[in-house]
Visitor: 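Once you've had a glance at the structure underneath, I'll fire off some questions.
Sequential numbering from 1 along the given sequence is applied to the chain's residues. Atoms within a ligand are numbered from 1 in the order they appear, just like the ligands themselves.
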Amino acid sequence: MGSTTDLPSASSPSLTLTHPSTTELPQIWAANHHMWGAALTQEAYIARERYLTTIPLAKNSGLTHWILTTSSPPSSSSSRPILSSCESLRKPALAVSPSGEVTEGIAHGIASVFTSPEYRGKGYASRMMKELGPRLENWQADEQHPSLFSVLYSDIGKQFYAKNGWAAFESAHLSFPPVHETPSVPSDSQAQPIIGFDSLEELCAKDEELLRAVLVRRAKESGRTAVALAPSLDQILWHLYREDFVTNAIFNRTPSIRGAVYGSPGKRVWALWMRGYYGGIEKIEGNTLHILRFVLEDEGSDEEYLARGVKEIVEIAQKEAAEWKIAEVQVWNPGEKLKALVGRSGVKFDFVDRDKDSIASLMWYGEGKTADVDWVYNENAIFWT
Ligand SMILES: CC(C)(COP(=O)(O)OP(=O)(O)OC[C@H]1O[C@@H](n2cnc3c(N)ncnc32)[C@H](O)[C@@H]1OP(=O)(O)O)[C@@H](O)C(=O)NCCC(=O)NCCS
């Protein structure tokens, strides 16, 4: 990636935030494979990253790759240094003002922030992020789809991104251990596994409808703007297509159970999940079954009924985790109601407050300060890696 002598200063006007060429892109993936692709060979990781540009949410330029480099473009006979790199993924987003006005727009999720070891500690990632924040305010936005905010999940604590404009938000999760199935014990579970993708469209539409009502209520009650990434079908499919690629590479098969549902429409309790492999199957610590959405269609239902639904769904997730070589099931930033129901359900769990990994961080592009924004559903995270 070029010589490290005579490197420009991070404040040099000769630096620019731009996009990698088609030959630079695989070089970036090869360089960061050890960070985010440990479960895959380098070849499979590069193939996955390429595949990820073609799937729902990311296709049609939803995914943008960014580099900080010198102004001169590469030619066939020369290369330019990739001083730092990252990517952004466009997502549907909502913002509701305290008066109840709903704005439908977009948000960008930033990920894979990376500086090659030989360029580290020189301010390049900071310079890239300082330029990227304002750039994303207008990136792919138009009057019908304004850019509302950008988000990222920091694995390097709260300070680095806060200094560059992304405020850290609550970052906690519920953790459940995997449980191996005991076929000799008959199950009286009424929860049903969600098999395949067929029911996802209806579930996601319901989820979005519920989210809108929650945002309006929260904004009115708190007097603050309530914002959220929309839990759209494409958002969920993005995770599942990615999961299929990775499970296929590791296990030579893909999972069929994508979540579980309990109860009847209007009062259903349901969850959708995704398996994330960080160390492969040799090193399963860290492999996580992420519950992407845990939805109570009617929070006012009988508490015992809800607690039972939560328990049965978690139990299905725990069995899936055991079957798929996963070390824990996680639910990010559960609401108070869900937390109370988990406590009541009798299922074994831990509540973990994170201060270093996957710190939910947001830059708000509307009026007022980022710190004044109420970020709802931030469990709908961008599990990229
Ligand atoms: C994190 C990373 C992108 C920083 O790149 P860089 O070009 O060296 O960054 P800068 O020189 O602009 O800034 C370095 C700052 O990041 C901080 N930093 C770097 N790694 C860190 C870590 N693991 N934990 C906490 N802070 C870290 C440094 O302490 C320094 O802080 P300072 O500005 O207060 O001195 C680079 O170390 C890297 O690629 N790491 C591996 C991938 C990774 O962890 N990416 C972040 C994913 S959220």
Side-chain angles (χ1 to χ4, degrees), residues 1-18 20 24-40 42 45-46 48-49 52 63-70 80-89 107-136 149-171 173 276-279 286 288 290 330 332-333 354-363 378 381-385:
M1 284 194 194
S3 156
T4 55
T5 53
D6 302 327
L7 286 171
S9 146
S11 57
S12 166
S14 72
L15 297 188
T16 182
L17 178 67
T18 184
E24 288 169 325
L25 209 40
Q27 291 169 25
I28 294 169
W29 294 329
N32 67 28
H33 162 243
H34 69 287
M35 280 303 303
W36 295 300
L40 303 171
Q42 187 178 101
Y45 175 71
I46 290 175
R48 183 192 74 179
E49 294 306 292
L52 289 181
L63 183 61
T64 308
H65 297 94
W66 301 92
I67 55 171
L68 182 77
T69 186
T70 49
R80 57 184 176 177
I82 297 172
L83 300 170
S84 200
S85 58
C86 67
E87 56 201 40
S88 64
L89 182 60
H108 296 283
I110 302 159
S112 306
V113 174
F114 184 80
T115 300
S116 278
E118 68 269 31
Y119 297 141
R120 284 186 192 161
K122 299 179 185 346
Y124 293 136
S126 304
R127 166 80 184 262
M128 178 176 72
M129 298 312 287
K130 282 209 169 72
E131 296 214 5
L132 183 64
R135 183 82 77 91
L136 291 179
F149 54 90
S150 55
V151 293
L152 54 88
Y153 291 82
S154 169
D155 286 333
I156 54 170
K158 298 182 178 175
Q159 284 176 2
F160 176 76
Y161 293 106
K163 270 204 268 183
N164 292 304
W166 284 269
F169 278 66
E170 188 195 351
S171 299
H173 64 261
Y277 293 91
Y278 305 103
T288 305
H290 296 284
Q330 289 185 2
W332 283 23
N333 296 328
R354 300 188 303 270
D355 59 8
K356 184 150 194 315
D357 295 330
S358 303
I359 304 298
S361 309
L362 184 142
M363 180 183 284
N378 81 25
I382 318 159
F383 299 110
W384 299 77
T385 54

Visitor: Is there a polar contact between ligand 1 and T115, counting only N or O atoms under 3.5 Å apart?
Guide: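 Between T115 and ligand 1 (N or O atoms, distance only) the closest approach is under 3.5 Å.
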Visitor: Select the closest option to atom 4 (C) of ligand 1 among S361, A125, S84, judged by heavy-atom distance.
Guide: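 The nearest heavy atom belongs to A125.
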Visitor: May I ask whether G123 places a heavy atom under 4.0 Å from ligand 1?
Guide: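 Contact present.
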Visitor: How far is atom 42 (C) of ligand 1 from its nearest protein heavy atom, and which residue and atom is that?
Guide: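 Atom 42 (C) of ligand 1 sits closest to the protein heavy atom M35 CE, 3.6 Å.
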Visitor: Looking at K122, which atoms of ligand 1 are within less than 4.0 Å of one of its heavy atoms?
Guide: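 Here the atoms of ligand 1 in question are 11 (O).
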Visitor: What protein heavy atom sits nearest atom 43 (C) of ligand 1, and how far away is it?
Guide: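 Here the nearest protein heavy atom works out to V113 O, 3.8 Å.
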Visitor: Which of the listed options, D357, L68, I156, holds the heavy atom that is closest to atom 27 (C) of ligand 1?
Guide: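 Nearest heavy atom to atom 27 (C) of ligand 1 lies in I156.
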Visitor: May I ask you to decide if H290's main-chain N or O and T288's side chain share a donor-acceptor pair within less than 3.5 Å?
Guide: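 Side chain of T288 to backbone of H290, a donor-acceptor pair under 3.5 Å: no, none is there.
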Visitor: If hydrogens are left out, which of S126, G157, A111, S116 has an atom nearest to atom 12 (O) of ligand 1, that is, the closest non-hydrogen atom?
Guide: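 Result: the heavy atom closest to atom 12 (O) of ligand 1 is in S126.
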Visitor: At what distance is the nearest protein heavy atom to atom 15 (C) of ligand 1, and which residue and atom is it?
Guide: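 Atom 15 (C) of ligand 1 sits closest to the protein heavy atom F160 CD1, 3.8 Å.
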Visitor: Does L136 reach the side chain of M363, with side-chain heavy atoms less than 4.5 Å apart?
Guide: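 The answer is no; the side chains never approach within 4.5 Å.
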Visitor: Does R48 count as lying over the ring of W36, i.e. NZ or CZ under 6.0 Å from the six-ring centre, within 45 degrees of the axis?
Guide: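 Checked: cation-pi criterion not met.
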Visitor: Mind checking whether Y161 and W166 have parallel, tilted or perpendicular rings, split at 30° and 60°?
Guide: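 Rings of Y161 and W166: perpendicular, over 60°.
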Visitor: Is atom 19 (C) of ligand 1 in close reach of the protein, with a heavy atom under 4.0 Å away?
Guide: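 No.
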Visitor: Of the choices R127, K163, Q159, which has the non-hydrogen atom that lies closest to atom 31 (O) of ligand 1?
Guide: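 Ranked by closest heavy atom to atom 31 (O) of ligand 1, first place is K163.
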Visitor: Under a 4.5 Å cut-off applied to non-hydrogen side-chain atoms, are Y124 and M128 in contact?
Guide: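 Not touching, per the 4.5 Å side-chain cut-off.
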Visitor: Report, as yes or no, whether the 6.0 Å neighbourhood of atom CD on Q159 holds more than 12 heavy atoms from other residues, nucleotides or ligands.
Guide: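 No.
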Visitor: Under 4.0 Å, heavy atoms only, figure out whether ligand 1 is touched by the backbone of F114, its side chain, both or neither.
Guide: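 Both the backbone and the side chain of F114 come within reach of ligand 1.
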Visitor: D155 side chain to D357 main-chain N or O, any donor-acceptor pair under 3.5 Å?
Guide: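 Absent.
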Visitor: Evaluate the ring planes of Y153 and W332, with Trp represented by its six-membered ring, and classify them as parallel (under 30°), tilted (30 to 60°) or perpendicular (over 60°).
Guide: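 Because their plane-to-plane angle lies in the 30° to 60° range, the rings of Y153 and W332 count as tilted.
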Visitor: Counting distance only, does the side-chain N/O of R127 pair as donor-acceptor with the main-chain N or O of S84 below 3.5 Å?
Guide: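 It does not hold such a pair.
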Visitor: For atom 37 (O) of ligand 1, which of K130, R120, M129, K356 has the closest heavy atom?
Guide: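 Checking each option, the heavy atom nearest atom 37 (O) of ligand 1 is found in R120.
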Visitor: Are side-chain heavy atoms of R135 and W66 found at a separation under 4.5 Å?
Guide: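 Contact flag for R135/W66 side chains = yes.
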Visitor: With a 4.0 Å cut-off, strictly under, does atom 35 (O) of ligand 1 pick up any protein heavy atom?
Guide: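 Protein heavy atom within 4.0 Å of atom 35 (O) of ligand 1: absent.
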Visitor: As a test of the contact definition, would atom 48 (S) of ligand 1 count as having a protein heavy-atom neighbour under 4.0 Å?
Guide: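 It does; a protein heavy atom is within 4.0 Å.
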Visitor: Using a 4.0 Å cut-off to any heavy atom of G121, which atoms of ligand 1 qualify?
Guide: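 Ligand 1 atoms under the 4.0 Å threshold to G121: 6 (P), 8 (O), 11 (O).
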